[in-house]
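So the structure is just underneath, and the comments pick up after that.
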Amino acid sequence: MEGKSVGFKILCWSEVIISLRVLLFSMPVMINKNSAGSFSLSNLDDRYMAILTLTAILYFIAGVLAIAGNKLWRAAHVLAVVFVALAILATVKVAGQPLTPINAYYVLPLLFAVIVTVFTGILGRKKKAA
């Protein structure tokens, strides 16, 4: 992380912390619903919880890669956006069915993914030596 801006370092740590916070909420909920036998990916709310968990896992990995100074941190962020977008599209358009009407909050993980990736791209540039 040498040569990276302070904002980039803060953003990467924020990714990791926020992702852990989301996982600390979503994983117990999913485990509880699964053990009660009420978790089903055919339910739109359960799919949303699964996408939220997937987003948190992907951004936790991307944040850790960036903090560790791995050269693949940009690719990890772009892949996270692609996977989240595909998961949301798959949720909205179930195989062979027309688009289901969804609430705007179902798209929030994608919005978060795009914003974080844009900010990491902007802040992740190397500082120019003065």
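Just so you know, residue 1 is the first one in the sequence shown, and it goes up from there.
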Identify, with sequence neighbours excluded, every residue that meets side chain to side chain donor-acceptor pair (under 3.5 Å) alongside Ser19. none
Listed by chain and number, what are the side chain to side chain donor-acceptor pair (under 3.5 Å) partners of Ser14, not counting sequence neighbours? none
Check the hydrophobic clustering (I, L, V, M, F, W, Y; side-chain heavy atoms under 4.5 Å; chains of links allowed) and say if [X] and [Y] are grouped together.
X: Ile67; Y: Leu72; answer: no
X: Ile17; Y: Leu52; answer: no
X: Ile31; Y: Phe25; answer: no

Interatomic spacing from [atom1] in [X] to [atom2] in [Y] - rounded to 0.5 Å:
X: Leu23; Y: Ile18; atom1: CG; atom2: CD1; result: 12.0 Å
X: Phe119; Y: His77; atom1: CZ; atom2: NE2; result: 12.5 Å
X: Met27; Y: Thr53; atom1: CE; atom2: OG1; result: 6.5 Å

Note, Phe8 side chain near Trp13 side chain (heavy atom, < 4.5 Å): no
Any side-chain heavy atom of Asp46 within less than 4.5 Å of one from Lys33? yes
Could I get the full list of side-chain contact (heavy atoms from CB on, under 4.5 Å) partners for Leu111, not counting sequence neighbours? Leu108, Ile115
Using the test side-chain contact (heavy atoms from CB on, under 4.5 Å), find all partners of Ser35 that sit at least two apart in sequence or belong to another chain. Asn32
Residues 78-85 side chain polar contacts: donor-acceptor under 3.5 Å, at least two apart:
none

Donor-acceptor pairs are to be reported for all side-chain atoms of residues 56-64 against protein atoms at under 3.5 Å, with residues two or more places apart or in another chain.
unit_1	atom_1	unit_2	atom_2	d
Tyr59	OH	Ala113	O	2.8
Tyr59	OH	Thr117	OG1	2.7

